[in-house]
There are 2 protein chains.
Amino acid sequence: MNGHPKHLPADERRAATVEAMVDLAAEQNPSDITTTAIAQRMGLTQGALFRHFPSKDAILEAVISWVAERLLARVDKAAEGATSPIAALEAVFVTHIEFVSEHPGVPRMLFGELQRPGETLPKRMAQTLIRHNGERIRGLLEAGKTRNELHADLDPDAAATLFIGTVQGLVVRSLLAGDVTRIRSDAGGVFAIYLRGIGTVQ
Amino acid sequence: MNGHPKHLPADERRAATVEAMVDLAAEQNPSDITTTAIAQRMGLTQGALFRHFPSKDAILEAVISWVAERLLARVDKAAEGATSPIAALEAVFVTHIEFVSEHPGVPRMLFGELQRPGETLPKRMAQTLIRHNGERIRGLLEAGKTRNELHADLDPDAAATLFIGTVQGLVVRSLLAGDVTRIRSDAGGVFAIYLRGIGTVQ
DNA sequence: CACAAGAAAGTAATCTATTACTATCTATCC
DNA sequence: GGATAGATAGTAATAGATTACTTTCTTGTG
């Protein structure tokens, strides 16, 4: 007879909503996630969500903000702690792999947002997040060139694209195997090829 | 007053349905494509589709069959015409890029199918298609090793994963730019890095 | 004229969002 | 320190739209 769950402050409910959505995105196509499913995961009724968010898209916006803060912060921290651009690049890669392992639904969500027709706010937010992330990677690649750790003729744009592709390839592989842990176990071998590709000798 | 379009044989309507779905997938999230949208694109009413297909999933199955036939045939043809495993790999890459440029919705569709929960037929078909494609690539990589065109210590599984990731990275980049033609123009630079990664000297 | 293909309208299910009401928390006042 | 008022956060029900799919009516064609 648990008619009413404990009241929580709005902030915490909003955070819990984001987490529920991120969790659900790991289990199914993000664009198929309903507000009913989100509420059920939180132990609430569907209508209660709309007391904290004006629309479903507003929930999506909150999720993308959440991802942007967490991912970029971890990426920056990983890059700062490294002694060279290449070491930073590897640390950033590990950060990506760990983040995607913890939240496999996130790349699917961002990727899915990019495909939406028209100009929605969550779509623009996903675009800027992915762009900012790409700029950080390209920055490391250019720093690696100026320090002669990378081939002088390396195209940083292409290398940044392949960096993202490296992660995406691992995601596809884990989806095929139906086993998220493969992302971590396969990451080393794939990144080794990438590293050689951009011109580092181990 | 074009109330009734010309009658077509069932086969051609089925083929046109597949093409309409592939076209629509290039413009929006494939899982958001409705039967109404497909019919509208064909100049038909929504109900008319169910005269040729028993369900929406049956349409999806037809689309994946279509992709499997066309893509794998083109991949095999590209590989056959090459004089060495590495040349074949590059031809196969070009084939992928051309195919994805012509039908940008296809990878999104296959990728999306993998995310569906449960065990549906279209999902299994997408899995086998991607697996078969991956096996062809891995086969070329192994042939390259035995012919000493590739590093002896290359991990073919990892290299095949990165091959797929190379294409995926280009797809993401084109989505970000909102410009499909970028796939083709950016492909060369990215593949050059991949080639150096798997151990070929140019 | 008979038939197959499509139009048109309908159905049941599902989804987002809203509404009217109810429970819980918090702070104030005597 | 309880009682209590006001604000906050919840439920249940439902409206309005949309979806996949069905059924029935209509028409062009062989």
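Residue numbers start from 1 in every chain, and the chains themselves are labelled A, B, ... in the order their sequence lines are given, proteins ahead of strands. Predicted, not measured: the structure shown is a model, and the values here were computed from it.
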Candidate nucleotides dT11(D), dC21(D), dA9(D), ranked by approach to the side chain of A10(A) - the nearest: dA9(D)
Taking only the side-chain heavy atoms of R51(B) (C-beta and beyond), determine which of dA7(C), dA17(C), dG10(D) contains the nearest atom. dA7(C)
Is D179(B) salt-bridged to R184(B), cutoff N-O under 4.0 Å? no
The side chain of T45(B) lies closest to which of these nucleotides: dT16(C), dA7(C), dG10(D)? dA7(C)
Length of the CD-C1' vector between Q46(B) and dT11(C), whole Å: 12 Å
Once you round it to whole Å, what is the distance between C1' of dA12(D) and CG of L44(A)? 14 Å
Atom CG of L49(A) and atom C1' of dG10(D): how far apart are they, to the nearest Å? 11 Å
Over how many whole Å does the gap from F53(A) atom CZ to dA9(D) atom C1' extend? 14 Å
Specify the separation, in whole Å, of atom CE of M42(B) and atom P of dA7(C). 10 Å
Using whole Å, report how far CG of L8(A) lies from P of dG10(D). 6 Å
Atom pair distance, as rounded to whole Å: CZ in F50(A) and C1' in dT8(D): 19 Å
Salt-bridged, R116(A) to E113(A), with N to O below 4.0 Å? yes
Strictly below 4.0 Å, N to O, side chains only: are R41(B) and E27(B) in salt-bridge contact? yes
To the nearest Å, give me how far apart CD1 (I38(B)) and P (dT19(D)) are. 12 Å
Which residue in the set E80(A), E102(A), E69(A) passes salt bridge (Lys or Arg N to Asp or Glu O under 4.0 Å) when paired with R74(A)? E102(A)
Between T35(A) and H52(B), name the one whose nearest nucleotide on DNA chain C is closer to the 5' end. H52(B)
Which is true for A48(A) with a 4.0 Å heavy-atom rule: it touches a base, it touches only sugar-phosphate, or it touches nothing? base
